[in-house]
Trainee: 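Structure incoming, see below.
Letters A, B, ... mirror the listed sequences (proteins, then strands); counts begin at 1. Keep in mind that what you see is a predicted model, and the values were worked out from it rather than measured.
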2 protein chains.
Amino acid sequence: MNFQQLRSVREAVRRGFNLTEVAHALHTSQPGVSRQIRELEDELGVELFVRAGKRLTGLTPPGDQLLPIVERLLCDVDNLRNAAQDYASQDSGTLSIAATHSQARYALPSAVKDFRALFPRVTLSLHQGSPQQVAAMLLAGEADIGIATEALTQYEQLTTLPCYRWTHSVVVPPNHPLLDGAPLTLERLSRFPIVTYDAGYTGRTHIDEAFAQQAIHPQIVLTAMDADVIKTYAELELGVGIVASIAFDEERDRNLRAIDAGHLFAVNLTRLAFRKGHFLRGYVYSFIETFAPSLTRAVVEQAQQSPDENA
Amino acid sequence: MNFQQLRSVREAVRRGFNLTEVAHALHTSQPGVSRQIRELEDELGVELFVRAGKRLTGLTPPGDQLLPIVERLLCDVDNLRNAAQDYASQDSGTLSIAATHSQARYALPSAVKDFRALFPRVTLSLHQGSPQQVAAMLLAGEADIGIATEALTQYEQLTTLPCYRWTHSVVVPPNHPLLDGAPLTLERLSRFPIVTYDAGYTGRTHIDEAFAQQAIHPQIVLTAMDADVIKTYAELELGVGIVASIAFDEERDRNLRAIDAGHLFAVNLTRLAFRKGHFLRGYVYSFIETFAPSLTRAVVEQAQQSPDENA
DNA sequence: TATCCTTACGGAATTCGTAAGCATG
DNA sequence: CATGCTTACGAATTCCGTAAGGATA
C-alpha cells in the first residue's frame with residue numbers, strides 16, 4: 001500500500017471515475033493510475049470500483065466504506081506537511097481562503113490588510129465562489145478556511161464557527177417614494193419590483209422566509225450573486241435593492257440611499273468553516289482572530305476537537 | 001513520504017529511541033531505519049528527534065506535535081486493511097482481546113464459547129495482563145478490544161463502555177469465625193489478616209477506599225493478581241480472602257465459603273475499551289454484544305463517534 | 001571497549017511511461 | 001470510431017542490506 005494508490009482512488013471518485021482525467025490531475029500516465037488502483041484492490045482483497053466492462057462506473061459497497069478512511073489518511077498526510085512547515089518556516093507559507101462575494105468584497109479586506117502587515121511572507125490566496133463551492137474547496141483540501149453566510153452548516157465534514165451577525169438594508173435612488181419617512185414594512189416593500197441576491201446567497205433564505213411568512217409574493221425582477229450588481233440595477237431604477245447592510249457605503253454609493261431593514265428579515269450569521277481534521281498553521285489562527293476577534297486560538301482549537309458542536 | 005518512514009518514527013518512539021531495536025521490530029536493517037527517519041525529516045524540513053551526538057534521545061517539539069498525526073495515519077492504514085477484510089472474508093479473521101485475569105478467567109469464557117460457535121473461522125487470541133498492559137496493547141493496535149475494571153478510563157485515546165457491575169465477596173474456610181451469622185462489617189473483617197488483589201487490580205481501589213473512609217487499617221498479608229491465588233491462600237488459612245463475587249464457585253471451591261460483601265465496598269464497573277479511531281470488524285461487534293448484551297452495535301458505533309463521552 | 005548511529009557501495013526489486021490491444025457507447 | 005481501460009515490455013530509478021567508519025558512555 002502506498003500514498004499514490006490512495007490518491008488515485010480518491011481522485012477517481014472526485015473526477016467521476018474517469019481514469020484518464022485522474023492521470024492528468026495526478027501528473028502521471030493513465031495506465032499508471034489503472035495499475036495503482038488495481039494493485040490496491042488486490043492487496044486489500046476487495047474491488048473498490050464497480051466496473052461496467054472495462055469502464056469504472058461507481059463505488060462498490062466496500063469502496064464506499066473505505067473511501068472516508070482513505071480521505072482521512074490523505075488529509076493527515078497534508079496535516080503532517082503543514083504541521084512540519086509550521087515549525088520549519090514559522091511565518092511563511094500559504095493561506096488559502098474560500099469566501100463568497102459578499103465576504104471577499106466587504107468583510108475580508110480589512111482583515112486581509114492587517115494580516116498582510118503581520119505576516120508579509122505568507123502568500124494569501126483568496127478564492128471566490130458560491131457557498132457550495134466554498135464548501136467543496138474546503139472538502140477537497142484546496143482551502144484552509146471558508147467564510148460564508150449560507151449552507152456551511154449543512155456539511156457533516158465541516159466545523160463551523162460564528163463570526164458576526166448582520167442584517168439587510170434596502171437601497172433606493174435618492175428620490176424614491178420609500179424615503180418618505182414612513183416606517184418600512186414588507187407590505188410597502190412588496191409594492192415595488194425587487195432586485196436582490198440569487199437563491200442560496202447572502203441571506204436570501206431569510207428574505208424569502210420573511211415574505212412567505214406574511215404570505216406576500218414580492219415581484220423579484222433580478223437576482224445576482226453580489227451586491228455590486230444589485231446596487232447597479234437599483235441605481236438604474238430597475239427595482240428596489242435588498243443587500244447586506246455592510247455592502248452599502250455612503251461615500252461610494254452616492255447615487256443611492258439605504259434604509260435599514262433589520263426589523264424585516266431575520267438576522268444573518270456569517271460563519272467561518274474548515275474541514276474537520278484539517279491542520280491549521282499558526283498564522284491561520286492569527287488570521288481568524290483578526291477577522292473575528294471572538295474566535296481566539298483556544299476557541300477554534302476546541303471546536304476542532306469536539307466535532308459535534310455547531311454553536 | 002511513505003509508510004515505512006512513518007512506521008520507523010512511531011516505532012522509534014515506542015522503543016525508547018533505540019534504532020537497532022526498531023530495526024528488529026520492523027524486520028529490517030538498522031541503517032535502513034536510520035535512513036527512513038532521516039529522509040522523512042529532510043522531506044518535512046524539521047528534525048523530529050533530539051540527537052545527542054549520534055544517539056537519539058527524545059522528540060523535538062515538532063516531533064512531539066507530529067507524532068499523534070503519524071499514529072492516526074498508521075492507525076488508518078490498519079483500519080483500511082481491516083475494513084477491506086471485513087468484506088473480503090466476512091467471517092474469518094482474527095479477534096484479539098486483552099483482558100485482566102479476572103475477566104479472562106471468570107467473565108469471558110462463556111462469551112468466548114458462544115462466539116466460537118458463531119464464528120468458527122475467526123481466530124481468537126486472548127492476551128492477559130494488568131489493566132495498564134491491556135491499555136498498552138490497545139494503544140499499540142495489538143488488541144481490538146480490552147476488558148478490565150480498573151484504569152481504562154484514564155486514557156485519553158481509549159473509548160470505554162460499561163459492561164456489567166459486580167461486588168466483592170469474602171471467602172473463608174468452612175470453620176471460620178466470620179461464618180457465625182452476625183452481619184459482616186469492615187471492623188470485624190479488619191480483625192483478621194487479609195488476602196486480596198494487588199493495587200490496581202480488580203476493584204482493589206474500592207477496597208482501600210472503604211477501609212480508609214472508616215480510618216481502619218487492615219492487615220493485608222498477601223496480595224495477588226488473581227482470585228485463584230487468593231483463594232488458595234485463603235484455604236491455607238493465611239488470611240481472609242476478598243475476591244470478586246464472580247470468582248467464587250460453590251462447586252469448585254468446596255473448601256471455602258463465600259460471604260457477600262456488596263454492602264462494604266463500592267460497586268465495581270467492568271468496562272470494555274477500544275482505541276479511538278480503531279476500526280472494528282463486523283464480528284467484533286458480535287462478540288461485544290455476546291459479552292455484554294446492552295452493548296449493541298448501534299451503541300458501540302455511537303460511542304466511537306462521540307469521543308468525549310464516558311458513560 | 002561496547003553500543004549505537006552514520007556513510008558508502010552494489011545488487012535487486014520496483015516503478016513508471018510508452019506502445020499496442022481491446023471493449024463499449 | 002472515438003473514448004477509455006488493460007496488458008506488455010524495457011529503461012530508469014529507487015530501495016535495501018552488507019560492510020566499514022566514527023562518536024559516546
Side-chain angles (χ1 to χ4, degrees), chain A residues 1-60 62-63 66-67 70 73-74 77 81, chain B residues 1-60 62-64 66-67 70 73-74 77 80-81:
Chain A
M1 192 186 307
N2 62 50
F3 294 121
Q4 194 65 5
Q5 292 168 350
L6 301 177
R7 271 188 219 106
S8 301
V9 168
R10 177 178 68 176
E11 214 58 31
V13 176
R14 288 193 182 163
R15 311 263 160 185
F17 311 102
N18 181 327
L19 299 196
T20 310
E21 238 180 274
V22 172
H24 286 134
L26 298 181
H27 306 105
T28 181
S29 69
Q30 185 275 318
V33 172
S34 195
R35 200 172 29 231
Q36 302 291 0
I37 290 177
R38 179 67 76 182
E39 280 175 7
L40 182 62
E41 288 180 324
D42 284 351
E43 182 175 344
L44 293 177
V46 229
E47 302 243 307
L48 301 176
F49 293 96
V50 175
R51 287 165 172 83
K54 286 198 170 183
R55 229 155 272 212
L56 306 201
T57 58
L59 283 171
T60 59
L66 295 204
L67 186 65
V70 171
L73 220 152
L74 292 172
V77 174
R81 292 222 162 84
Chain B
M1 193 186 308
N2 61 51
F3 294 122
Q4 194 66 3
Q5 293 169 349
L6 301 177
R7 270 187 220 106
S8 301
V9 168
R10 178 178 68 176
E11 214 58 30
V13 176
R14 287 193 183 163
R15 311 263 159 185
F17 311 104
N18 182 327
L19 300 196
T20 311
E21 236 181 275
V22 172
H24 287 134
L26 298 182
H27 307 105
T28 181
S29 69
Q30 184 275 317
V33 173
S34 196
R35 200 172 28 229
Q36 302 291 358
I37 291 177
R38 179 68 74 183
E39 281 175 6
L40 182 63
E41 288 181 324
D42 285 352
E43 182 175 345
L44 293 177
V46 231
E47 302 243 308
L48 300 176
F49 294 96
V50 176
R51 287 165 173 83
K54 286 199 169 182
R55 228 155 275 211
L56 305 201
T57 59
L59 282 171
T60 59
D64 214 46
L66 295 205
L67 185 66
V70 171
L73 220 151
L74 291 172
V77 173
L80 220 46
R81 292 222 161 85

Trainee: Please classify the nucleic acid contact of B:F17 as base, sugar-phosphate, or nothing, using heavy-atom distances under 4.0 Å.
Mentor: sugar-phosphate

Trainee: Tell me: CD of A:E43 to P of C:dT15, nearest whole Å?
Mentor: 10 Å

Trainee: Measure CG/A:L56 against C1'/D:dT3 and give the value in whole Å, please.
Mentor: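 About 13 Å, once rounded to whole Å.
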
Trainee: Rounding to a whole Å, what distance do you find between A:R15:CZ and D:dC5:P?
Mentor: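 Rounding to the nearest Å, CZ of A:R15 and P of D:dC5 are 14 Å apart.
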
Trainee: Using a strict threshold of under 4.0 Å (side-chain N to carboxylate O), is an ion pair present between B:E43 and B:R38?
Mentor: no

Trainee: Using a heavy-atom cut-off of under 4.0 Å over every strand shown, decide if B:G53 touches base, sugar-phosphate, or nothing.
Mentor: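 Result for B:G53 = sugar-phosphate.
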
Trainee: Which part of the nucleic acid, if any, lies within contact of B:Q36, taking any heavy atom under 4.0 Å across all strands shown: a base, the sugar-phosphate backbone alone, or nothing?
Mentor: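 Since only primed, P, OP1 and OP2 atoms lie under 4.0 Å of B:Q36, the category is sugar-phosphate.
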
Trainee: Go through D:dG17, C:dG17, C:dC5 for me and flag the one nearest to the B:R55 side chain.
Mentor: C:dC5

Trainee: Taking side chain as C-beta onward, heavy atoms only, is B:L59 less than 4.5 Å from B:V13?
Mentor: yes

Trainee: Of the nucleotides D:dC5, C:dG17, D:dT18, which has the atom closest to the B:S29 side chain?
Mentor: D:dT18

Trainee: Choose from C:dG17, C:dA8, C:dG21 the nucleotide whose nearest atom is closest to any side-chain atom of A:K54.
Mentor: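 So the side chain of A:K54 is nearest to C:dG21.
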
Trainee: Atom CG of A:L26 and atom P of C:dG17: how far apart are they, to the nearest Å?
Mentor: 11 Å

Trainee: Round to the nearest Å and state the distance from B:Q30 atom CD to D:dG22 atom C1'.
Mentor: 13 Å

Trainee: Starting at the 5' end of DNA chain C and moving along, which residue's nearest nucleotide shows up first, A:P31 or A:A52?
Mentor: A:P31

Trainee: Provide, to the nearest angstrom, the distance between the CD1 atom belonging to B:I37 and the C1' atom belonging to C:dC4.
Mentor: 13 Å

Trainee: Counting only side-chain N and O atoms of B:N18, is one of them less than 4.0 Å from OP1 or OP2 of C:dC5?
Mentor: yes

Trainee: Are the charged groups of B:E41 and B:R51 less than 4.0 angstrom apart, N to O?
Mentor: yes

Trainee: When we call it a touch if two heavy atoms are under 4.0 Å apart, what does A:R51 touch: a base, just sugar-phosphate, or nothing?
Mentor: sugar-phosphate

Trainee: So B:E21, base contact, sugar-phosphate only, or nothing? Heavy-atom distance under 4.0 Å.
Mentor: nothing

Trainee: Between D:dT14 atom P and B:R35 atom CZ, what is the distance in whole Å?
Mentor: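 My rounded result for the distance is 13 Å.
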
Trainee: Without decimals, in angstroms, what is the distance between A:R38 CZ and C:dC16 C1'?
Mentor: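 Taking atom C1' of C:dC16 as the reference, CZ of A:R38 is at 18 Å.
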
Trainee: Considering just the side-chain nitrogens and oxygens of A:T20, establish if one lies under 4.0 Å of OP1 or OP2 belonging to D:dC5.
Mentor: yes

Trainee: Quick check: do B:N2 and B:L40 have side-chain heavy atoms less than 4.5 Å from each other?
Mentor: no

Trainee: Do B:L48 and B:D64 touch side chain to side chain, with heavy atoms closer than 4.5 Å?
Mentor: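 No, every pair of side-chain atoms sits at 4.5 Å or beyond.
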
